[in-house]
Engineer: 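Below are the structure tokens for one structure; questions will follow.
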Amino acid sequence: MTDTHTASLDQRTRALESALADRGLLPPGFVEEFTAHAEEQWVTANGARMVARAWTDGDFRERMLKDGRSAAAEMGFGMPEHHRHLVVLENTPDIHNLIVCTLCSCTAYTIIGAAPDWYKDMEYRARVVRESRTALKEMGLDLPASTEIRVWDTTADTRYMILPVQPPATQGWPADRLADIVTQASMIGTERLDGVGTPAAAKE
Amino acid sequence: MDGMHDLGGKQGFGRIAYPARPHDETWEPLARALSAWAVKNRHYNMDEYRHAIERMAPIHYISAPYYERVLTAAATLLVEKGVVTAAELAARVDGTFPLSLPLGPGREAVPPQSFAIGETVRVRNLFVPGHVRMPGYIRGKQGVVVHISPPYPFPDAHAHNMQAAEEPTYDVRFRSTELWPESADEAFVHVGVFQSYLEKVRNRA
Ligand SMILES: [Fe+3]
């Protein structure tokens, strides 16, 4: 039978899996173990804990801004060997950093968690380098005209993460409470946390 | 290559689907795990992987969800490396199993040169048939070096299974309004640029 339609993705993926397994190349349990490891270890909470510590520990903040990869390692968070460098970009009230990978979808996934779908979508990759302010506004972040936007295109294997501005209402909070408010979007740069901890934010 | 994947600054795209809508496809984590298995066992490096995605036929690339690109790259490279065959993959499915198009020649790095933080540099007017990590939107443009990263294998060679010299990458700052005059929101756009893609800017007296 000649069949010219494209096979389903489920079938194609299982075909590659079974071809490798039948040769004895893919160890039983590898897929389950890898998936569990990825889902449990490479999570947004890692980056959030780094941010919260940077907000509460000035020495750590300096180390993190100087060498993000070592600062991550210090907290027990590893990066793949080809991610040789993690650059931490500090937002301020007047400077807003934003991360993208226009050529594919690179992120520091072991630190900020697997990239969300929108980050991998063509719309985000095409638009945020050229229409940063417009795209951010559509995503709900309407920056004042006076805010300088700095976009970072992840074209090499250096990775980036953003150190958001600590919300003023959270001054004095302990690091573990602060870590809970740090979102993945705030470490990519499509969100700011400025209003967190205020009565208006609590009503939402 | 000036491929379909080189999306930065392309126009006509609509709203970003933000925030993400949850979805649950069991083949997606499986595709991710198979790709991770291949990298872990050093069947291919990350530059070969990225280039295998870029080698997907443009219409396939643009219509494939993210994890289909992951799967297609893994299957293509494992076939090219002789680990599995295209015929057996096709025999295991109802229908076709599209793979990426063939690999062309790579190229070597230019002789080492160096640039300093704060230096104005120009991106070479390069047209590379194989893998290249220079997005088209910076070709021929001038920017300022703001960071220097430790060395990485030169991707234009590394993706083609050639001996790849290591060289630094420079975070180069461009003005969006110089990249796309009168046609961009005002911003600084920083790109991680391999040393071989840059050239000195000579002062013209
Ligand atoms: Fe990428």
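Naming convention: chains lettered A, B, ... in sequence-line order (proteins, then strands); numbering from 1 in each chain.
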Engineer: Taking the side chain as everything from C-beta on, heavy atoms only, tell me whether B:P29 gets closer than 4.5 Å to A:F34.
Structural biologist: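 Heavy-atom side-chain distance check fails, nothing below 4.5 Å.
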Engineer: Tell me, for B:R21 versus chain A, whether the close heavy atoms (under 4.5 Å) come from the side chain, the backbone, both or neither.
Structural biologist: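 When you check distances to chain A, only backbone atoms of B:R21 fall under 4.5 Å.
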Engineer: So, B:H190 side chain and A:V151 main chain: donor-acceptor pair closer than 3.5 Å or not?
Structural biologist: yes
Engineer: Counting only heavy atoms closer than 4.5 Å, note whether B:W180 contacts chain A via side chain, backbone, both or neither.
Structural biologist: side chain
Engineer: Any side-chain donor-acceptor pair under 3.5 Å between A:T102 and B:Y137?
Structural biologist: no
Engineer: Go through it in stages, so that I can follow the logic: the residues are A:D157 and B:R50, the test is salt bridge (charged side-chain N to carboxylate O under 4.0 Å, His left out), and I'd like the CA-CA distance, side-chain angles, deciding distance and then a yes or no.
Structural biologist: CA-CA 12 Å; A:D157 273 327; B:R50 293 194 192 103; 2.6 Å; yes
Engineer: Side-chain contact test, heavy atoms from C-beta onward, threshold under 4.5 Å: evaluate it for A:T155 versus B:V193 and give yes or no.
Structural biologist: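 A side-chain contact under 4.5 Å is absent here.
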Engineer: Are the charged groups of A:E123 and B:K10 less than 4.0 angstrom apart, N to O?
Structural biologist: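 Looking at A:E123 and B:K10, the cut-off is not met.
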Engineer: Looking at B:R42 and A:E81, is any side-chain nitrogen of the basic one under 4.0 Å from a carboxylate oxygen of the acidic one?
Structural biologist: yes
Engineer: Under 4.5 Å heavy-atom distance to chain B, tell me which part of A:Y160 shows up: side chain, backbone, both or neither.
Structural biologist: side chain
Engineer: For A:S105 and B:Y66, which I'm curious about, is there any donor-acceptor pair between the side chains at under 3.5 Å?
Structural biologist: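 Judged by distance alone, the side chains do not pair up.
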Engineer: Between B:D185 and A:T134, does any side-chain donor sit less than 3.5 Å from a side-chain acceptor?
Structural biologist: yes
Engineer: With only heavy atoms counted, which part of B:I62 is less than 4.5 Å from chain A, the side chain, the backbone, both or neither?
Structural biologist: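 B:I62 touches chain A through backbone and side-chain heavy atoms alike.
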Engineer: Between B:P65 and chain A, with a heavy-atom cut-off of 4.5 Å, which part of the residue counts as in contact: side chain, backbone, both or neither?
Structural biologist: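 Side chain only.
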Engineer: Near B:R32 CZ, under 6.0 Å, is it more than 12 heavy atoms from other residues, nucleotides or ligands?
Structural biologist: yes
Engineer: Using non-hydrogen atoms and a 4.5 Å limit, figure out which bit of B:Y152 sits close to chain A: side chain, backbone, both or neither.
Structural biologist: both
Engineer: Shortest non-hydrogen contact from B:V83 to A:R23?
Structural biologist: O-NE, 2.9 Å
Engineer: Examine the side chains of B:H23 and A:D117 and answer whether a donor and an acceptor come within less than 3.5 Å of each other.
Structural biologist: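 Yes - a donor-acceptor pair under 3.5 Å links their side chains.
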Engineer: Indicate the ring-plane relationship of B:Y18 and A:W118, choosing parallel, tilted or perpendicular according to the 30° and 60° boundaries.
Structural biologist: perpendicular
Engineer: Using non-hydrogen atoms and a 4.5 Å limit, figure out which bit of B:V146 sits close to chain A: side chain, backbone, both or neither.
Structural biologist: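 The side chain, not the backbone.
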Engineer: Can you find a side-chain donor-acceptor pair between B:S183 and A:R130 that sits under 3.5 Å?
Structural biologist: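 Distance-only check passes for B:S183 and A:R130.
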Engineer: Given the options B:P155, B:G14, B:A31, which has more heavy-atom pairs under 4.5 Å with chain A than any of the others?
Structural biologist: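 The option with the most such pairs is B:G14.
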Engineer: Checking B:P150 against chain A: side chain, backbone, both or neither under 4.5 Å from a heavy atom?
Structural biologist: side chain
Engineer: Identify which part of B:R133 has an atom lying under 4.5 Å from any heavy atom of chain A, answering side chain, backbone, both or neither.
Structural biologist: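 For B:R133, heavy atoms of backbone and side chain both lie under 4.5 Å from chain A.
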Engineer: For B:N41, is it the side chain, the backbone, both or neither that has a heavy atom under 4.5 Å from a heavy atom of chain A?
Structural biologist: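 For B:N41, neither part sits under 4.5 Å from chain A.
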Engineer: Is the shortest side-chain heavy-atom distance between B:T96 and A:H5 below 4.5 Å?
Structural biologist: no
Engineer: Chain A heavy atoms under 4.5 Å from B:L30: which part of the residue, side chain, backbone, both or neither?
Structural biologist: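 Both parts, backbone and side chain.
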Engineer: Which pair of non-hydrogen atoms, one from A:T158 and one from B:T169, has the smallest distance, and what is that distance?
Structural biologist: OG1-OG1, 4.1 Å
